[in-house]
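What follows is a single structure, written as C-alpha cells, with notes after it.
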There are 4 protein chains.
Amino acid sequence: MAVHQVETLFAAYLEKADLSNKQKAVLSACLSLFSEQGFERTSTAAIAKRAGVSEGTVYKHFKSKTELLDASLEPLSHSVVPQLASEFIDEVHPERFAHLEDLLRFVIHDRLAFAINNRAMIRVFAQEVFVRSDLLQVGVNAIFGQFAVGFGRAIQHFQATHELIDWSSLRLLRTIAGGIIGYALPVVMMPDGTYPFDINQATDELVESLLKTLTP
Amino acid sequence: MAVHQVETLFAAYLEKADLSNKQKAVLSACLSLFSEQGFERTSTAAIAKRAGVSEGTVYKHFKSKTELLDASLEPLSHSVVPQLASEFIDEVHPERFAHLEDLLRFVIHDRLAFAINNRAMIRVFAQEVFVRSDLLQVGVNAIFGQFAVGFGRAIQHFQATHELIDWSSLRLLRTIAGGIIGYALPVVMMPDGTYPFDINQATDELVESLLKTLTP
Amino acid sequence: MAVHQVETLFAAYLEKADLSNKQKAVLSACLSLFSEQGFERTSTAAIAKRAGVSEGTVYKHFKSKTELLDASLEPLSHSVVPQLASEFIDEVHPERFAHLEDLLRFVIHDRLAFAINNRAMIRVFAQEVFVRSDLLQVGVNAIFGQFAVGFGRAIQHFQATHELIDWSSLRLLRTIAGGIIGYALPVVMMPDGTYPFDINQATDELVESLLKTLTP
Amino acid sequence: MAVHQVETLFAAYLEKADLSNKQKAVLSACLSLFSEQGFERTSTAAIAKRAGVSEGTVYKHFKSKTELLDASLEPLSHSVVPQLASEFIDEVHPERFAHLEDLLRFVIHDRLAFAINNRAMIRVFAQEVFVRSDLLQVGVNAIFGQFAVGFGRAIQHFQATHELIDWSSLRLLRTIAGGIIGYALPVVMMPDGTYPFDINQATDELVESLLKTLTP
DNA sequence: TATGAATGAGCCTTCATTCAT
DNA sequence: TATGAATGAAGGCTCATTCAT
C-alpha cells in the first residue's frame, strides 16, 4: 500500500471496478457530495446532477441510496483491512526494518499519507460510523482482525530485542494510533486546503515523540 | 470544571437554563435521539414522542429543527471554551501544580472525564462538525482562543523550569491531545456500556507515556 | 342484513368507524376511484384531490396505499362473512320460512340487493382478487366457513320435507349462486345507471327458475 | 370451435399470427405475467426477461405496453365473437341437434372447455374489463351481435317444437350463462391446479339442471 | 434487426412546519 | 399555553419508452 498510495484508495477502486464511465461518475459524485454535505443531506437528484447523468441511471447499478453509500465506502472495508493485515504479515519483517525507528517511520508515514489521500472517504466514514453499527464493525475488524496478528508479531520481535517497551499490544496500539490521529485529525476535518500540513515534518516529529515514549 | 464535572455539561445547562420542564424534556430527547440516530435521521415527531409532548410544543421555544441542534450543542460552545480558558488562566498556577506531572495528571483526568460524561453530546458534535463550518469554528476557537493563552503560560512556566521539552505550543498540544484522543475515542464511539474503561488506569498510563515524551 | 341493507355496507362502515370526517372522505374517494380506475391506476394524489385534503392527510391514518385498499374492502371481510353466517344460523329457521320458495325468495332478493348496493366495492374486490390471494381466502372463507354450516342446516331441513332435491350442498350452492350471478353480473360490471334492472322482477324470475330446478 | 378448442385460443392465434418467434415469446410472457400479476403490476422489463429478449425487442412490434395488452386479448375479440356467432348460425341446425338436450349439452361442454382452456386469458380480461370500457364493448358485442341472431334462431326452433319454455332470449341467455358461470368461476379464479374439476360430470349436472328449468 | 443503457416523468411516502382549537 | 390535525414540498425509487450501437 505504501507505494500505490500515491493515488487514493477510491480512485484505485474506480479504476479496477467493473463499472461504466457513467457509474464511475456517479460514485465520484457520491463521494464528494457525501463528504461535503453528509449522506442524508445529499439528494439522489444532486448526485445525478453532479455526475451528469439522469436519476434513473443512478439506480441502474445501485439499487438504493444506501447501496451508494456502501459502494462509496467499499474501498475502506475491502482494501484497508486486508492491506493493513498483509502489510504487517508480509512486509513488516525484521530484516526489512532493522530498528524500531524504521518500522515506526514506515507505519506513521504510511498512515498519514493514507489519511490525507483519502480525506473525503474518511469524512464520509466518520459521519456514518456513529449511526451504522455495521461500519463500526468494519473498523473494529480492521484493528482486531488479522492485522492484529501481524502487528503482534512485529511487537514481539522488537520487545525481544529490547528496543520496544514491554507494554500490552492494546496500549502500544493506542499510543501509536493516538499520536497519528493527533496529527491527522485537523487535516481530515478542515475543508481541503484550509490546513497547512507537511507530511515529512509530521512524520519526523511523530517518530521522535513516539521513540521517546516507546523506548524502554 | 474539574468539580462540577460530576454531572454532564448538558445536565448542568438544563438545570440553569430558563426553560420549562417540557422544554427541558424536549432538549433531553434531542440529545439522546441525535446521539443515537444522527440529526437528519431524527424526526421532530420522534422528538416530541420521546419528550412526551406534542409536536406543537416542540416548536414553542425552538423555531426550527436546526435550532434544536444548536441548543443541544449550546453547552459545548458556551461552557467548554470559557471553562477551558479560565481553567488555565485561573487554576493552573505554578503553586497549584508543583511539577509537570501534576499538571498533566489534572488535565488528562479532567479531559477524559469530560469526554466520558459528555459522550452523547460529543457524538452529536462529531457527526455535525463535518458539515457545519460554524461548529468547526467553535472547536477551533476553543483551542486557539483564550484557552491558548492560559495553556501558553503554563507551558512557558514548565519550560522555564526545564521540566518540559522545548517544543512549540502547537506540537505540545497535538501530542497531549493525541494521547487523550487515543484513549477517549473508543469510549465515545462505541455504544454506551460496550467498551470497558477505567479512567484512573488510563490516566496513569497516559501520564507515564506523556511524561516520557515531554521530559527534555 | 336484509334490513340495514338499505344502505351500502361501506356507508354503514364509515358511519360506525372511528374516523374523522377527512378520513371518511379519503376512504370514499378511494372506493370511487379504485372502482372507476382500479387500484394501481389510481394515484395517491388523485385520492387526496377527490377527498379534498392534502396528500399528507391521506397518510395520517393509513400507513400505505395498500392499507387504503384494505380499508376500502374491510366491510366485505368483516361484515359480509359474519353476517352471511349468522343469517343462516339465526334467521333461516323452518318456522320463518314455511316453504323452500320463501327461503329462496329471501336469499335471492337479499343477495341481489347486496350486489347492487355494493357495486363499487364488489368491482374493487373483483379487480384485486385475481392478484391477491389473501382476498381470495376471504371469499372462500365466506362460503366454506360458518356460513356453510347454516346453509347446510337449511338444506337438510327442506330435503327432509322433500321440498328440495337430494343434491350435494356444493351442487345446490353452485346452482343457486350461478343463478344469482347470472342476473347480478351485468349490473355490477356495467357503469352505474347503464344497465336497467328491476330487482323485484329479477327475484320473481329467479325464484321461478330455481324452484323448477330444485324441486324433486 | 368445439374441435380445435383442444388448444387454447391464444396458442392457436400465436400459431397463425404473422409474428417472429421472439414476438411470440413476448406475447406468451405477457399472457402469463398479466394473468399472474395483473397488467399494471407487470413491468416491461419483466416481460422482456420472461420472454428471453431485450426490452428494445419488446417495443419492436408493439408500440406501447397497452398494445401488448390488446394483443394478448386479441384472440378474444377476433376469435370468440365471430366463432360464437358462426357456431350458432352454421352449426346449430335443427337437423344437427335433434333435441334441446343435445343443443344444451353441446353449448355447455363447449363453453366449459373454453373457460378452462383459456383460463389465463379470461383472468386478464376479467381484471381489465372493469377499467376499459372498450373491452366491455367486446363482450357485449359478443353476446348481442351476430351471435344473438344464431342463438335466437335456435331458440325459436325449440320453442316452436315446445321443447323450450317460452321465455325471452335475454332470460334464457341469463339462465344458461348463469349456470355455466356457476361452474366455471371457481376454476378460473383459483390458481391453476388448485381446484379439482371434472368437465364431463359438470356437463351432466348442468344439462340435468337446465333441462328441468327450461322444459315448459 | 436486436440490444440494453439511458432517460425523466411520476409515483408513494416522509416530515418540518403551521395554526385553529 | 399546549395540542395534534393538516399541509405541501421534497425525497427516494420505478418504469415505460427511446435510441445509438
Side-chain angles (χ1 to χ4, degrees), chain A residues 19-23 25-26 39-49 51-68, chain B residues 20-23 26 39-49 51-68, chain C residues 19-23 25-26 39-49 51-68, chain D residues 20-23 26 39-49 51-68:
Chain A
L19 291 172
S20 69
N21 284 333
K22 301 224 171 191
Q23 297 304 326
V26 168
F39 174 72
E40 293 284 349
R41 264 178 264 250
T42 302
S43 71
T44 53
I47 293 168
K49 192 176 180 185
V53 301
S54 74
E55 234 174 313
T57 298
V58 172
Y59 280 86
K60 204 74 185 193
H61 281 79
F62 306 100
K63 278 190 271 293
S64 69
K65 198 187 165 195
T66 301
E67 211 160 90
L68 286 170
Chain B
S20 70
N21 285 333
K22 301 219 171 190
Q23 297 306 324
V26 168
F39 173 72
E40 291 286 347
R41 266 177 260 250
T42 301
S43 69
T44 52
I47 294 167
K49 191 176 179 186
V53 302
S54 72
E55 281 195 68
T57 300
V58 171
Y59 278 83
K60 199 70 193 185
H61 283 79
F62 307 100
K63 279 193 265 298
S64 71
K65 199 187 167 195
T66 301
E67 214 160 87
L68 285 169
Chain C
L19 291 172
S20 70
N21 285 333
K22 302 224 170 188
Q23 297 304 326
V26 168
F39 175 71
E40 292 285 348
R41 262 178 264 251
T42 303
S43 71
T44 53
I47 294 168
K49 192 174 179 186
V53 302
S54 74
E55 234 174 314
T57 298
V58 171
Y59 279 84
K60 205 73 185 195
H61 281 80
F62 306 99
K63 279 190 270 292
S64 68
K65 198 187 166 196
T66 300
E67 211 160 89
L68 285 170
Chain D
S20 70
N21 284 334
K22 301 220 171 189
Q23 297 305 324
V26 168
F39 173 72
E40 291 286 346
R41 265 176 263 248
T42 301
S43 70
T44 53
I47 293 167
K49 191 177 180 186
V53 302
S54 71
E55 281 195 68
T57 299
V58 172
Y59 278 84
K60 199 70 192 184
H61 283 81
F62 307 100
K63 278 191 266 296
S64 71
K65 198 187 167 195
T66 301
E67 214 160 86
L68 285 169

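Both backbone and side-chain heavy atoms feed into the values below; hydrogens, waters and symmetry mates do not. Note on naming: letters A, B, ... go to the chains in the order of the sequence lines (proteins, then strands), and numbering restarts at 1 for each one.
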Sugar-phosphate, base or nothing in reach of V53(C), heavy atoms under 4.0 Å: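 Since only primed, P, OP1 and OP2 atoms lie under 4.0 Å of V53(C), the category is sugar-phosphate.
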
Sugar-phosphate, base or nothing in reach of T66(D), heavy atoms under 4.0 Å: nothing

For [N], does OP1 or OP2 lie under 4.0 Å from any side-chain N or O of [X]?
X      : N       : result
K22(B) : dT3(F)  : yes
S54(D) : dT3(E)  : yes
T44(B) : dA16(E) : yes

Interatomic spacing from CZ in R41(C) to CD in E40(D) - rounded to 0.5 Å: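 CD of E40(D) is found 4.0 Å from CZ of R41(C).
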
Separation between OG1 of T44(C) and CZ of F62(C), rounded to the nearest 0.5 Å: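 Reported to 0.5 Å precision, the distance equals 13.5 Å.
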
Could you give the [atom1]-to-[atom2] distance, from [X] to [N], as a whole number of Å?
X      : N       : atom1 : atom2 : value
E40(D) : dT14(F) : CD    : P     : 17 Å
Q23(C) : dT7(F)  : CD    : P     : 10 Å
F62(C) : dA6(F)  : CZ    : C1'   : 15 Å
Y59(B) : dA5(F)  : OH    : P     : 17 Å
R41(C) : dA16(F) : CZ    : C1'   : 14 Å
E67(B) : dA16(E) : CD    : P     : 15 Å
K65(D) : dT14(F) : NZ    : C1'   : 11 Å
I47(B) : dT17(E) : CD1   : P     : 10 Å

N/O donor-acceptor pair under 3.5 Å between K65(B) side chain and F39(B) backbone: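 Yes: the side chain of K65(B) pairs with the backbone of F39(B).
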
Full working for side-chain contact (heavy atoms from CB on, under 4.5 Å) between Q23(B) and T57(B): CA-CA 8 Å; Q23(B) 297 306 324; T57(B) 300; 3.7 Å; yes

Nearest to side-chain heavy atoms of K60(D), which nucleotide of dC12(E), dT1(E), dT3(F):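 Output: dT1(E).
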
Side chain of S64(B) (C-beta onward), nearest among dT17(E), dT7(F), dT17(F):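 Looking only at side-chain atoms, S64(B) lies closest to dT17(E).
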
Base-pairing mate for dA9(F) - Watson-Crick or G-U, with both contacts under 3.5 Å: dT14(E)

Pairing partner of dG4(E) (Watson-Crick or G-U wobble, both distances under 3.5 Å):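 When the pairing criteria are applied, dC19(F) turns out to be the nucleotide that pairs with dG4(E).
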
Heavy-atom side-chain proximity of L68(B) to V58(B) below 4.5 angstrom: yes

First encountered from the 5' end of DNA chain E, between E55(A) and T57(C): E55(A)

Earlier contact from the 5' end, DNA chain E, for H61(A) and A45(C):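 First, find each residue's nearest nucleotide; the 5'-ward one identifies H61(A).
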
